[in-house]
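Reading through the structure tokens given below for one structure.
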Amino acid sequence: MTRLTTVARGLITAFAALLATAPTAPAQASTEPRAPEDFVALRSVDPTIIQEMRYFTPHNFVGERVDGYAQPICVLTRPAAEALHKAQRKLLRQGYTLKVYDCYRPQRAVDHFVRWAKDLDDQAMKGEFYPNVDKTRLFADGYIAEKSGHSRGSTLDLTLVKLPAKPTRPYHPGEPLVPCFAPKGERFPDTSVDMGTGFDCFDTLSHTLDPRIQGEQRANRLLLKSTLEDLGFVNLAEEWWHYTFKPEPYPDTYFDFPVSRRSLTGHH
């Protein structure tokens with residue numbers, strides 16, 4: 001009888017140990033990669049810069065929230081965030097504020113873009129973001145790639161807003177789409193100054209120095225460009241909104257931690 005009791009007790013102990021080591025949802029979540037120490041939330045460096053994180057919302061070329069965007073916050077390497085803060089101080093004195101659309105972008109978000117680009121049946125957002133581009137051409141024409149400089153943490157997409165800044169109205173999924181290069185009064189009203197096209201417009205009109213963009217539109221692009229370049233940012237010639245801070249702290253590393261405060265938790 002004593003031997004049986006000992007065996008039973010042993011089985012119960014073994015079962016309890018098994019339960020204790022069984023994977024649970026919280027344990028799974030804790031295995032998410034974290035950001036290195038020198039990544040920061042932009043708001044902690046400059047709370048005045050407007051954040052309209054498009055890939056957290058369905059208002060983007062994919063038409064849904066993109067993988068990896070757990071919160072609508074801008075995350076950057078500290079040197080990039082501090083340089084952006086300096087740019088903001090200059091622009092505020094001229095009656096403008098910066099507005100960021102995207103900052104650090106995890107590799108899983110880029111993978112989501114790639115899957116979407118290969119699905120030729122999904123053209124829900126074509127009317128706004130790529131009206132004149134055949135979806136089969138997105139890779140060949142360089143609009144989608146399997147790696148993004150954004151994943152290195154020092155690249156961001158941004159624009160200018162004239163002060164006083166008004167809030168952008170919500171985008172309603174399924175609303176009629178207007179081409180991103182339509183006249184400003186017809187495009188989605190995102191409160192930015194007129195840059196000639198909207199953000200993420202897959203068109204050659206988005207090339208920063210496209211000769212067809214003149215007058216006020218060109219002046220706005222050049223104001224953004226000169227302000228940022230003076231502080232160490234380099235523009236991607238094909239996208240007026242895309243800038244990378246140089247030298248990059250992580251020029252060869254593509255991170256995949258989620259966009260969230262939790263990814264930065266515990267940092268000083």
Side-chain angles (χ1 to χ4, degrees), residues 52-69 100-152 154-159 171 173-184 186-190 192 194-214 217-218 220-221 224-225 233-244 252 254-256 259:
E52 187 179 308
M53 310 308 292
R54 286 287 186 88
Y55 300 137
F56 181 78
T57 79
H59 189 206
N60 58 64
F61 57 85
V62 175
E64 63 182 358
R65 185 191 298 184
V66 176
D67 292 355
Y69 288 85
V100 292
Y101 294 117
D102 193 37
C103 300
Y104 158 73
R105 180 185 305 164
Q107 181 60 46
R108 68 191 77 180
V110 180
D111 296 343
H112 190 167
F113 291 169
V114 169
R115 286 195 308 276
W116 166 82
K118 289 177 178 174
D119 180 2
L120 301 181
D121 292 330
D122 181 356
Q123 306 212 16
M125 302 301 282
K126 181 179 173 67
E128 179 172 351
F129 293 97
Y130 53 108
N132 292 342
V133 179
D134 191 297
K135 200 174 179 187
T136 60
R137 299 282 313 165
L138 292 180
F139 289 103
D141 291 352
Y143 292 113
I144 301 289
E146 296 193 352
K147 293 284 183 187
S148 167
H150 283 270
S151 303
R152 303 195 295 260
S154 298
T155 294
L156 66 160
D157 298 330
L158 74 174
T159 190
Y171 165 79
E175 69 177 75
L177 300 177
V178 177
C180 51
F181 46 71
K184 181 168 169 56
E186 297 172 22
R187 296 198 301 268
F188 181 83
D190 86 340
S192 65
D194 190 359
M195 293 288 194
T197 78
F199 164 61
D200 259 356
C201 190
F202 295 3
D203 195 277
T204 53
L205 283 166
S206 293
H207 292 190
T208 308
L209 300 178
D210 187 287
R212 292 167 293 176
I213 302 296
Q214 292 296 329
Q217 298 172 338
R218 189 175 187 83
N220 288 335
R221 290 187 183 191
L224 182 64
K225 188 171 189 284
F233 289 93
V234 176
N235 174 237
L236 178 67
E238 291 78 19
E239 299 177 351
W240 61 257
W241 56 82
H242 179 119
Y243 285 84
T244 300
D252 304 307
Y254 295 83
F255 294 100
D256 192 39
V259 176

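Since the structure is predicted, the reported quantities are computational estimates derived from the model, not experimental observations. Hydrogens, waters and symmetry mates are skipped; everything else that's a heavy atom, side chains included, is used.
Separation of atoms CG (L209) and CD (E238) is listed at 10.5 Å; rounding is to 0.5 Å. Distance check: H59 NE2 to E128 CD gives 3.5 Å after rounding to the nearest 0.5 Å. To the nearest 0.5 Å, atom CG of residue L224 and atom CG of residue L158 are 5.0 Å apart.
Here the side chains of T57 and E52 are not in contact, with every heavy-atom distance at 4.5 Å or above. A heavy-atom distance below 4.5 Å is not found between the side chains of T244 and L236. At least one side-chain heavy atom of D67 sits under 4.5 Å from a side-chain heavy atom of R115. Inter-residue side-chain proximity for N60 and M125 is flagged as unmet; no heavy-atom pair is nearer than 4.5 Å. Side-chain contact between W116 and L138 is present, with heavy atoms from C-beta onward closer than 4.5 Å. A heavy-atom distance below 4.5 Å is not found between the side chains of F56 and V259. Side-chain contact between K225 and W240 is absent, with no heavy-atom pair separated by less than 4.5 Å. Using a 4.5 Å heavy-atom cutoff, the side chains of W241 and T197 are in contact.
Remark: side-chain polar atoms of K135 are not paired, donor with acceptor, to backbone N or O of K126 under 3.5 angstrom.
A side-chain N or O of D190 and one of Y101 form a donor-acceptor pair less than 3.5 Å apart. No hydrogens or angles considered: nothing links the side chains of Y55 and R65 as a donor-acceptor pair under 3.5 Å.
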* Asked: For M195 and S206, what are the C-alpha separation, side-chain angles and deciding distance, and is it a side chain to side chain contact (heavy atoms under 4.5 Å, CB included)?
  -> CA-CA 9 Å; M195 293 288 194; S206 293; over 6 Å; no
* Under the side chain to side chain contact (heavy atoms under 4.5 Å, CB included) rule, what do Y254 and R152 come out as? Steps first, then yes or no, please. => CA-CA 5 Å; Y254 295 83; R152 303 195 295 260; 2.9 Å; yes
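A salt bridge links D194 with R187: at least one charged nitrogen is closer than 4.0 Å to a carboxylate oxygen.
Sorted by first and then second residue, the salt bridge (charged side-chain N to carboxylate O under 4.0 Å, His left out) pairs involving residues 139-151 (not counting sequence neighbours) are R137-D141. Every pair passing salt bridge (charged side-chain N to carboxylate O under 4.0 Å, His left out) that includes a residue from residues 104-114 is listed here, sequence neighbours excluded: E32-R108, D102-R105, R105-D157, R108-D256.
Shown are F61, F199, Y143; of these, the side chain to side chain contact (heavy atoms under 4.5 Å, CB included) with F129 is made only by F61.
The side chain to side chain donor-acceptor pair (under 3.5 Å) search around Y104 returns none, not counting sequence neighbours.
Annotation for V110 and A145: closest pair CG1-O, 3.4 Å, computed over non-hydrogen atoms. Heavy-atom minimum distance, A109 versus V66: CB-CG1, 3.6 Å. Contact detail for E64 and H112: the closest heavy-atom pair is OE2-NE2, 2.9 Å. Counting all heavy atoms, side chain and backbone alike, R221 lies closest to H207 at NH1-O, 2.7 Å. Annotation for S192 and K184: closest pair O-NZ, 2.6 Å, computed over non-hydrogen atoms. Shortest non-hydrogen contact noted between L205 and I213 is O-CG1, 3.8 Å.
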